[in-house]
There are 2 protein chains.
Amino acid sequence: MSEKNLLTELAAHLYSFGETENGRMPSERELAEHFAVSRGQIRETLAILEAMRIVERRAKSGIFLTTRTASVEALALFAKAGLPLDPIQIYEAVELRKIHEIKAAELASARATDENYDRLRAILAASEQRIAAGGTLAEEDRDFHLEIVRATQNTVFYRICSVYYAMGERRLPIYFSDPDRSARSHAEHVQIFDALLKRDANLAQALMSAHLQGAESYWKGLITGKPSGTA
Amino acid sequence: MSEKNLLTELAAHLYSFGETENGRMPSERELAEHFAVSRGQIRETLAILEAMRIVERRAKSGIFLTTRTASVEALALFAKAGLPLDPIQIYEAVELRKIHEIKAAELASARATDENYDRLRAILAASEQRIAAGGTLAEEDRDFHLEIVRATQNTVFYRICSVYYAMGERRLPIYFSDPDRSARSHAEHVQIFDALLKRDANLAQALMSAHLQGAESYWKGLITGKPSGTA
DNA sequence: GCGCTGCATTGGTCTTACCAAATTTTCTGT
DNA sequence: ACAGAAAATTTGGTAAGACCAATGCAGCGC
């Protein structure tokens, strides 16, 4: 929040224009003036936005929001920029996340190394301490799930799943604002960890599926209730 | 190939330095001179590379290759730049692809619209024509698989899977250099399409699994034989 | 061998400038 | 009044130069 980042600010600014007339955004020179930076800075940022397929720069014509689907990374940027993510995309991400993590649990139960187990133990210990102190989960949840993905030893897998958590970063605190949910999640994490330790792929999958089911229905209910962002 | 692109060329150039001494890349000024462009151009490109977590710019210190895992998009760039993809990452991508596409077949069999079916029919017709003319598959294969992913109606899913095909773009011609393989693949595509049409999720999954098994073992054998890139 | 000093290097930023294509405005002829 | 041509303006693309402050390094002195 406090961190001022031209990339996120510019993305937010551009989206604030919505579907202005022909969809053309302010010129580079205008943007430079608006953000009180040089044109070079704006161009550097626009280059990134263009690489993410968020924006399209037509030579000597102007800057436009892309109609093509943006890159995966763009979703993470949207979340970071505080842009109201499309509820549909949130649901899509949750659906995908479930697919990924259940499979991750299966693979991890066969491939997890001692290092993975150690890290998971540390994460669970931190979770327990946090909850014992009356706090709520947040990074610990993300760390736990991502560590399981890492335990698949498939780095491409890890990269993809990182996006989900970047997307959910500002939603986690909301989700875990209920202390009960923290405790319940933690308990389920422990069960999943035990299944991984026993290298019981079927059990790990089943537990992960049940664990994510809760989150999925929570978000599904929330987004159908409040269609727009929950900032 | 013919298309000169500073982004891909710069990426390739930087990687050609490998693990030079402390891992520091040439300075922006040197790179600008090397590519005969202005420093601004180099900085714009480096900004993209940094956003992809391929490169790290340390203020007043230098440019370094990131040790952290790069973004998903970076994999597509690597392929486009003709960089020798890590065989391990290729395997990882193939493994993931199988996970994704089998699930996609399941979801698509329930959600495919008439539009999806129409497009799949058109793609299959194009494939058939190509093969009848003695040609080999290439884009048709990619289009077919991606259309199935699109038929899940999950755009995030689609984005992720697009990366695989960007990665494999220059590998497809090699894979399909064997005319037999083209014909066999096409026949399997037709079967999968029929399963989708019947909305038989189990059959679609099974067929897709078998279909990808062939590709998986092909690539696995090829990369263990030739550890490095296959141009 | 160690610590300090000073200088060249380097990324970060801004300014100015010019080009050529695209766009908008103005002008012109009917 | 309108359509089309011509001129002026805007816009992205690119380059060159300059300054800053932190970094890194070489050389010096101890």
Side-chain angles (χ1 to χ4, degrees), chain A residues 2-11 13-68 70 77 80, chain B residues 2-11 13-68 70-71 74 77 80:
Chain A
S2 58
E3 191 182 319
K4 290 287 172 186
N5 180 245
L6 186 56
L7 181 62
T8 57
E9 280 188 44
L10 183 55
H13 184 63
L14 290 181
Y15 268 94
S16 76
F17 284 84
E19 299 303 325
T20 318
E21 38 176 335
N22 40 10
R24 190 164 63 173
M25 303 282 115
S27 72
E28 294 180 351
R29 290 167 175 88
E30 285 177 280
L31 292 171
E33 194 181 12
H34 179 11
F35 287 102
V37 294
S38 74
R39 219 183 125 204
Q41 288 289 302
I42 294 292
R43 279 190 63 78
E44 245 180 74
T45 312
L46 284 175
I48 297 173
L49 254 21
E50 189 176 47
M52 287 183 175
R53 272 172 280 128
I54 289 176
V55 131
E56 193 178 323
R57 293 190 283 181
R58 296 189 202 145
K60 279 104 191 191
S61 174
I63 302 156
F64 302 80
L65 290 183
T66 311
T67 54
R68 299 184 301 157
L77 177 65
K80 207 160 66 174
Chain B
S2 56
E3 190 183 322
K4 289 287 173 188
N5 179 245
L6 185 57
L7 181 61
T8 56
E9 279 187 45
L10 182 55
H13 183 63
L14 290 181
Y15 268 94
S16 76
F17 283 84
E19 299 303 324
T20 318
E21 36 176 335
N22 39 8
R24 191 164 61 172
M25 303 282 114
S27 73
E28 294 180 353
R29 290 166 175 88
E30 284 177 282
L31 292 171
E33 194 182 13
H34 179 10
F35 287 102
V37 294
S38 73
R39 220 185 123 201
Q41 288 288 303
I42 294 293
R43 279 190 63 79
E44 244 180 75
T45 311
L46 284 175
I48 296 174
L49 254 22
E50 189 176 47
M52 288 183 174
R53 271 173 280 130
I54 289 175
V55 131
E56 193 179 326
R57 293 190 282 181
R58 293 187 203 149
K60 279 103 191 191
S61 174
I63 301 158
F64 302 80
L65 291 182
T66 311
T67 53
R68 298 184 302 157
S71 79
L77 176 66
K80 206 159 66 174

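The structure displayed is predicted, hence computed values, not measured ones. So that the names make sense, note that chain A is the first sequence line, chain B the second, and so on, each numbered from 1.
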Rounded interatomic separation in angstrom, taking [atom1] from [X] and [atom2] from [N]:
| X | N | atom1 | atom2 | result |
| --- | --- | --- | --- | --- |
| B:Glu44 | C:dT13 | CD | C1' | 15 Å |
| B:Met25 | C:dG11 | CE | P | 12 Å |
| B:Phe64 | C:dT10 | CZ | P | 11 Å |
| B:Glu28 | C:dT13 | CD | P | 10 Å |

Residue pair [X] / [Y], side-chain heavy-atom distance below 4.5 Å:
| X | Y | value |
| --- | --- | --- |
| B:Leu31 | B:Ile63 | yes |
| A:Arg57 | A:Glu28 | yes |
| B:Gln41 | B:Phe35 | no |
| A:Leu14 | A:Leu49 | yes |

Quiz item: Is the distance from OP1 or OP2 of C:dG12 to the nearest side-chain N or O of B:Arg43 less than 4.0 Å?
Solution: yes
Self-check item: Sugar-phosphate or base contact per nucleotide [nucleotides 15-21 of chain C; S, B, -; heavy atom under 4.0 Å]
Solution: B-B--BB
Quiz item: Taking atom CD of A:Glu44 and atom CG of A:Leu6, what is their separation to the nearest 0.5 Å?
Solution: 9.0 Å
Practice problem: Keeping the roles fixed (side chain from B:Arg24, backbone from B:Ser61), state whether a donor-acceptor pair exists under 3.5 Å. | Solution: yes
Quiz item: Just by distance, do the side chain of A:Thr66 and the backbone of A:Ile54 share a donor-acceptor pair under 3.5 Å?
Solution: yes
Quiz prompt | B:Ala36 vs A:Ser27, nearer the 5' end of DNA chain D by closest nucleotide | solution = A:Ser27
Quiz prompt | For chain B, the stretch of DNA chain D it reaches, first to last nucleotide, under 4.0 Å of its heavy atoms | solution = D:dT14 to D:dG24
